[in-house]
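Take a look at the structure set out below.
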Amino acid sequence: SNVVSIGNKYFSVGFDSKGFLSSISLEDGSEHKLSQNFFYYEGAVGDNRVFKNRSSGAYIFRPNSTERWVTDHVNVKVIKGPVVEEVHQTFNDWISQVVRIYRDYNYVEFEWLVGSIPVDDGVGKEVVSRFVSDIQSSNVFYTDSNGREMIKRVRDHRETWNLQLQEEIAGNYYPVTTNIAIEDGQRRLAIMNDRAQGGSSLQDGALELMVQRRLLHDDAFGVAEALNQSYPVRGKHFLIFGKLDGSVPSMAARERFLQAEKLLSPWLFFSDVTSFEYEDWR
Amino acid sequence: RVHLDYLSEVMGVLQHHDAITGTSKEHVTQDYTVQIYSALKACSYSAKIVLNQLTRRQTNTDKPPENEHGSARYKDEATSPEPLFTFDFDSCLLLNVSACEISETRDKFMVTVYNALAHSVFHYIRVPVDGSFEYEVTDYRSVPIPHQIISVPPQVTALHPDKAAGFELVFLATELPPIGYKSFFIVRKPARMLNTPRVLFRDIPEVVLVANNAQMSSDQPQKPPRN
């Protein structure tokens, strides 16, 4: 029932009594609202004869507008040590996550594990991790372009024609290869991923990334199979939060270096040296 | 070269839009997995040979003869003097589910960290280990590396219950040189055997191993790498 926090010399993040991420505190002492949770969209189901009856499937993301939170209470295990501090969160039988802060890194790492997604209820599910802050992003968010420059996205808007969205969720989703971000002139929140995912900002201050999907129907675009395999998937999100003015290094530099370090992360090789003494090896 | 070409070809196949987006049929996806796995294994085998030749050169105390271009190289690796020691460099393809046969079962193992970036980085290393032991992590200067053993969530070990021991050893690898590598010597011991006195060689200067010229020099003071 206690509120817990983990952190390092750069910042700390707090968790509320229900086990959810609730705040982030920067090194200048300022505290900001920041929460994270998992939920899923239910996939649309239809006979695919006309557009409005299209099912959500391998090619298209088409929720039926139903958004369901996976839990209202998270089981939490807190581990603190000299190198890394972690909060192990168990959301339900098929979603868990480790929130991690290393001693010398200025970002928060979220290592999620989702699956096998149950479909005993006959409902296809598209699982999303959503971060909510108090940043006033004014309908604007940014996604990367295949790891290169960031592109400005405006919710419910296209640059070259008047848009009337029929599907307000899927219609605001964009490809996120490495980075999605929001800002309000003072602060910036960026979520970087370890693989290409779909993402959006469906309300001011919020960012979401789809992490896993399991659907029971084909969408009739050619694959002729439903995305109905029960694989568990493990991946990482990296959260960078900070002030835009006076931040050294700048937020953009922090994101760019982290992007390079995660896309070209070090390779590990293991060698059995059982027959050697350390001095020989040295 | 043959193995590299094989991997290149498979990577070419996997550039197909259905392979990238997940819109291929299930059995096709499984075949993609088989192809990329076998190509990686083939290149891993080649890399092992290349790295062992590199080790052989670096651990030879005799200076190899120079050729007409002035580069020091044995004409025939088979005729070069026997190395002081050799070992294999293996990839653990199950690291994404916190499992690695070598690090979880061996009393002594080496972790080599290769930095593919053109600038120096530091990186936290996570190595799957058996949690019933204590560990010592030492770099090539005999400097003990602070580390932490941390449990892996049971949901992760459940993915491979027969392979994952359920713990990870975490330590910071500092100053990984650009396009180069560092190695760490890791020993597991019962807790009572730890903290035994050891001679420290702190006066040995930093040695930077760079992959493209594969030289090891410690005679001259090393300039810190420019970031």
Side-chain angles (χ1 to χ4, degrees), chain A residues 57-59 77 79-86 88-90 93-98 100 102-105 109 111 113 115 175 194 196 213 219 221-229 232 234-235 257 260-261 263-282, chain B residues 18 20-26 47 51 84-85 87-92 95-97 100-103 106-117 119 121-125 127 138 140-142 146-151 153 155-156 159 170-173 176 181 183 185 187 198-199 201:
Chain A
Y59 285 87
K77 176 182 176 184
I79 300 170
K80 293 192 176 189
V83 179
V84 63
E85 296 188 354
E86 293 186 352
H88 295 195
Q89 298 175 300
T90 303
D93 290 341
W94 49 279
I95 298 180
S96 62
Q97 180 173 252
V98 177
R100 176 178 295 141
Y102 290 102
R103 195 181 67 172
D104 293 311
Y105 280 162
E109 184 175 299
E111 189 167 36
L113 175 64
D194 62 348
R213 31 196 329 237
D219 55 14
F221 274 107
V223 71
E225 286 179 1
L227 267 182
N228 185 18
Q229 288 296 322
R234 192 187 190 195
F257 274 103
E261 288 169 20
L263 289 181
L264 279 172
S265 59
W267 303 356
L268 298 186
F269 296 96
F270 294 83
S271 307
D272 181 356
V273 291
T274 306
S275 58
F276 299 111
E277 293 302 321
Y278 172 78
E279 280 69 24
D280 298 328
W281 171 84
R282 189 181 64 79
Chain B
D18 282 339
I20 291 171
T21 57
T23 47
S24 53
K25 287 180 180 288
E26 183 64 23
L51 286 166
L84 294 178
F85 60 91
F87 38 71
D88 292 334
F89 293 85
D90 289 311
S91 299
C92 286
L95 281 180
N96 62 340
V97 288
C100 176
E101 195 256 339
I102 292 178
S103 63
R106 303 298 195 279
D107 288 332
K108 297 175 188 172
F109 60 94
M110 177 178 76
V111 176
T112 300
V113 187
Y114 174 74
N115 172 27
L117 292 168
H119 60 82
V121 296
F122 65 94
H123 191 80
Y124 280 97
I125 308 298
V127 179
T138 317
Y140 62 93
R141 292 172 299 170
S142 298
H147 58 272
Q148 182 180 340
I149 296 174
I150 198 162
S151 61
Q155 294 91 344
V156 176
L159 299 175
V170 188
F171 63 93
L172 180 62
L176 295 172
Y181 60 89
S183 293
F185 195 84
V187 180
R198 165 179 280 181
V199 178
F201 299 93

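This is a predicted model, so every value here is computed, not measured. Each chain gets a letter, A, B and so on, in the order the sequences are listed, and its residues count up from 1.
Here the straight-line distance linking atom OG of Ser265(A) with atom OH of Tyr114(B) works out to 12.5 Å at 0.5 Å rounding. Glu85(A) CD to Ile150(B) CD1: the interatomic distance, rounded to the nearest 0.5 Å, is 9.5 Å.
For Tyr278(A) and Ser142(B), the side-chain atoms include at least one donor-acceptor pair closer than 3.5 Å. Judged by distance alone, the side chains of Ser275(A) and Lys108(B) never bring a donor and an acceptor atom under 3.5 Å apart.
Ranked by non-hydrogen atom pairs under 4.5 Å with chain A, the options Val156(B), Asp18(B), Val127(B), Asn115(B) are led by Val156(B). Note: Leu95(B) leads Leu95(B), Thr21(B), Asp107(B) in heavy-atom pairs under 4.5 Å with chain A. Most heavy-atom pairs under 4.5 Å with chain A, from the set Ala116(B), Ala173(B), Pro146(B), Ser151(B): that is Ser151(B). Among Arg103(A), Arg100(A), Glu111(A), the residue with the largest count of heavy-atom pairs under 4.5 Å with chain B is Arg100(A).
Looking at Leu176(B) and Pro266(A), their side chains come closer than 4.5 Å, going by heavy atoms from C-beta outward. Side-chain contact between Asp272(A) and Phe109(B): absent, with no pair of heavy atoms (C-beta onward) separated by less than 4.5 Å. In this structure, the side chains of Tyr105(A) and His123(B) come closer than 4.5 Å at one or more pairs of heavy atoms. In this structure, Leu268(A) and Cys92(B) have side chains that are not in contact, with every pair of non-hydrogen atoms separated by 4.5 Å or more. Proximity of Val83(A) to Leu172(B): side-chain heavy atoms (C-beta onward) are nowhere separated by under 4.5 Å. Residues Asp93(A) and Gln155(B) are not in side-chain contact: their nearest non-hydrogen atoms beyond the backbone lie 4.5 Å or more apart. Under the 4.5 Å side-chain criterion, counting only non-hydrogen atoms from C-beta, Leu159(B) is in contact with Leu113(A). Leu117(B) has its side chain within reach of Glu261(A): a pair of non-hydrogen atoms, C-beta onward, lies under 4.5 Å apart.
Of the two parts of Ile79(A), only the side chain, counted from C-beta on, holds a non-hydrogen atom closer than 4.5 Å to a non-hydrogen atom of chain B. For a residue to count as touching a neighbouring chain, one of its non-hydrogen atoms must lie under 4.5 Å from one of that chain's; by this rule Pro232(A) touches chain B with the side chain only. In this structure, chain A has no heavy atom under 4.5 Å from any part of Ile20(B). Of the two parts of Phe257(A), only the side chain, counted from C-beta on, holds a non-hydrogen atom closer than 4.5 Å to a non-hydrogen atom of chain B. Glu86(A) touches chain B through its side chain: at least one heavy atom from C-beta onward sits under 4.5 Å away, while N, CA, C and O do not. For a residue to count as touching a neighbouring chain, one of its non-hydrogen atoms must lie under 4.5 Å from one of that chain's; by this rule Glu101(B) does not touch chain A. Interface remark: Ala224(A) contributes backbone and side-chain atoms alike to the contact with chain B (heavy atom separation under 4.5 Å). Of the two parts of Glu109(A), neither the backbone nor the side chain holds a non-hydrogen atom closer than 4.5 Å to a non-hydrogen atom of chain B. Residue contact with chain B, scored on non-hydrogen atoms closer than 4.5 Å, involves the side chain of Val98(A) exclusively. Looking at Ser24(B), the atoms closer than 4.5 Å to chain A (heavy atoms on both sides) all sit in the backbone: N, CA, C or O.
Screening Trp281(A), Phe276(A), Phe270(A), Phe269(A) against Met110(B) for a side chain to side chain contact (heavy atoms under 4.5 Å, CB included) leaves a single residue, Trp281(A). Evaluated for a ring-ring contact (aromatic ring centres under 6.0 Å, His included) with Tyr102(A), the options Tyr124(B), Phe122(B), Phe171(B) yield exactly one hit, Tyr124(B).
The main-chain N or O of Asn96(B) is found under 3.5 Å from a side-chain atom of Arg234(A) such that the two form a donor-acceptor pair. A donor-acceptor pair under 3.5 Å is absent between the side-chain atoms of Lys25(B) and the main chain of Glu225(A), judged by distance alone.
Ala58(A) and Gly22(B) get closest at one heavy-atom pair: CB-O, 4.2 Å.
By the 6.0 Å contact criterion, CD on Glu277(A) is open, its count of non-hydrogen atoms from other residues, nucleotides or ligands being 12 or less.
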